[in-house]
J.: 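Before I ask anything, here is the structure I am working with.
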Amino acid sequence: MSEPECYPLEWDSQFFSLKIAQVAGPLLTEERCRRIDAQCRAEGIRCVYLRLPASPGDPAETRLAEDHGFHLVDVKTTLHRKIDASFRPRTIASRVRRATEPDLPRLEQIAADSHRNTRFFYDGRFPLERCEELYRTWIRQQVRDADFHVAVAEADGEIAGYSTSRHDRSGFISLMAVDDNFRHRGIGDDLVNASLAWLSERGATSAGVTTQGWNIPAQRLYQRNGFRTSIVDLYFHKWFD
């Protein structure tokens with residue numbers, strides 16, 4: 001029996017109240033596109049995600065995806081840096097501390113407003129209020145998850161931004177946001193530094209972070225802090241009405 005072309009995404013489906021799936025693996029062919037369509041229609045899938053490694057030297061798969069109704073919704077850029085003996089956390093000018101439960105209303109407000117350049121907002125077919133709630137839920141879950149460290153920066157008496165990180169086999173910065181009213185004050189650098197310091201304390205020897213290809217300010221922030229681009233992926237969504 002052949003492997004399915006897509007696998008269901010239970011969390012996404014439940015959250016958006018419609019059946020969502022992910023294409024298994026990045027390799028596309030004409031025949032495979034037909035099998036993906038057949039499976040999605042048979043299973044009542046409303047939206048299917050597709051990830052393709054960016055390959056400017058071979059655009060055939062990108063064109064094939066577009067020809068079969070997949071629409072580009074994100075250029076996901078992953079950056080990495082080493083955390084070795086030369087890493088020294090700098091003194092932080094803004095007050096940075098670990099997030100606590102009473103911080104959640106403010107953190108959720110920042111989350112709902114700060115991630116509008118991501119693929120769920122960019123898609124245009126997911127309800128705006130559910131996209132906002134997605135990031136409220138994300139930051140809420142990570143504050144309450146002991147495996148995550150959520151750093152918050154305070155300025156002018158209120159929380160100005162946050163950064164979340166996790167150490168598994170390697171370190172990763174999961175979410176990062178600074179309120180628009182507090183930009184250009186070095187708060188993003190302070191938060192990245194705080195996440196790297198926490199990862200270093202836990203023995204991480206590297207750190208990764210992902211942002212949108214069109215989010216130039218975020219890329220510059222990470223590059224200033226020693227990250228370098230390592231992977232670029234194209235994300236597509238296809239809807240079945």
J.: Please check this pair: side chain of R140 against backbone of L104, looking for a donor-acceptor N/O pair closer than 3.5 Å.
T.: no
J.: With a 4.0 Å cut-off on N to O distance, would you call R106 and D103 a salt bridge?
T.: no
J.: Check whether more than 12 heavy atoms from other residues, nucleotides or ligands sit under 6.0 Å from atom CZ of R220, and answer yes or no.
T.: no
J.: Ignoring hydrogens and geometry, is there a side-chain-to-backbone donor-acceptor pair from Q39 to E5 under 3.5 Å?
T.: yes
J.: For R228 and Q223, indicate whether the former's side chain and the latter's backbone hold a donor-acceptor pair under 3.5 Å.
T.: yes
J.: Counting heavy atoms not belonging to E158, are there more than 12 under 6.0 Å from its CD?
T.: yes
J.: For the pair T164 (side chain) and L175 (backbone), establish whether a donor and an acceptor sit closer than 3.5 Å, ignoring hydrogens and angles.
T.: yes
J.: Got a donor-acceptor contact below 3.5 angstrom from the T137 side chain to the E133 backbone?
T.: yes
J.: Closest approach of G213 and T77, non-hydrogen atoms and distance?
T.: CA-OG1, 3.4 Å
J.: For the pair D233 and K76, find out whether any cationic side-chain nitrogen is under 4.0 Å from an anionic carboxylate oxygen.
T.: no
J.: Less than 4.5 Å apart, any side-chain heavy atom of E101 and any of R144?
T.: yes
J.: Would you find a donor on one side and an acceptor on the other, under 3.5 Å apart, between the side chain of R46 and the backbone of L18?
T.: no
J.: If you measure only the distance, is there a donor-acceptor pair under 3.5 Å linking the side chains of D12 and Y49?
T.: yes
J.: Is the backbone N or O of A111 less than 3.5 Å from a side-chain atom of W138, with the two atoms forming a donor-acceptor pair by type?
T.: no
J.: Can a side-chain donor-acceptor contact be found between N225 and D189 if the only test is distance below 3.5 angstrom?
T.: yes
J.: Can you see which heavy atom on A24 is nearest to which on P4, and at what distance?
T.: CB-O, 4.3 Å
J.: Do the two ring centres, one from F148 and one from W198, sit under 6.0 Å apart?
T.: no
J.: Between K238 (side chain only) and H68 (backbone N and O only), is there a donor and an acceptor less than 3.5 Å apart?
T.: yes
J.: Checking the side chain of K19 only, and the main-chain atoms of E43 only, is there a donor and an acceptor separated by less than 3.5 Å?
T.: yes
J.: Can a donor-acceptor pair be found, under 3.5 Å and without considering hydrogens, that links the side chain of S163 to the backbone of V192?
T.: no
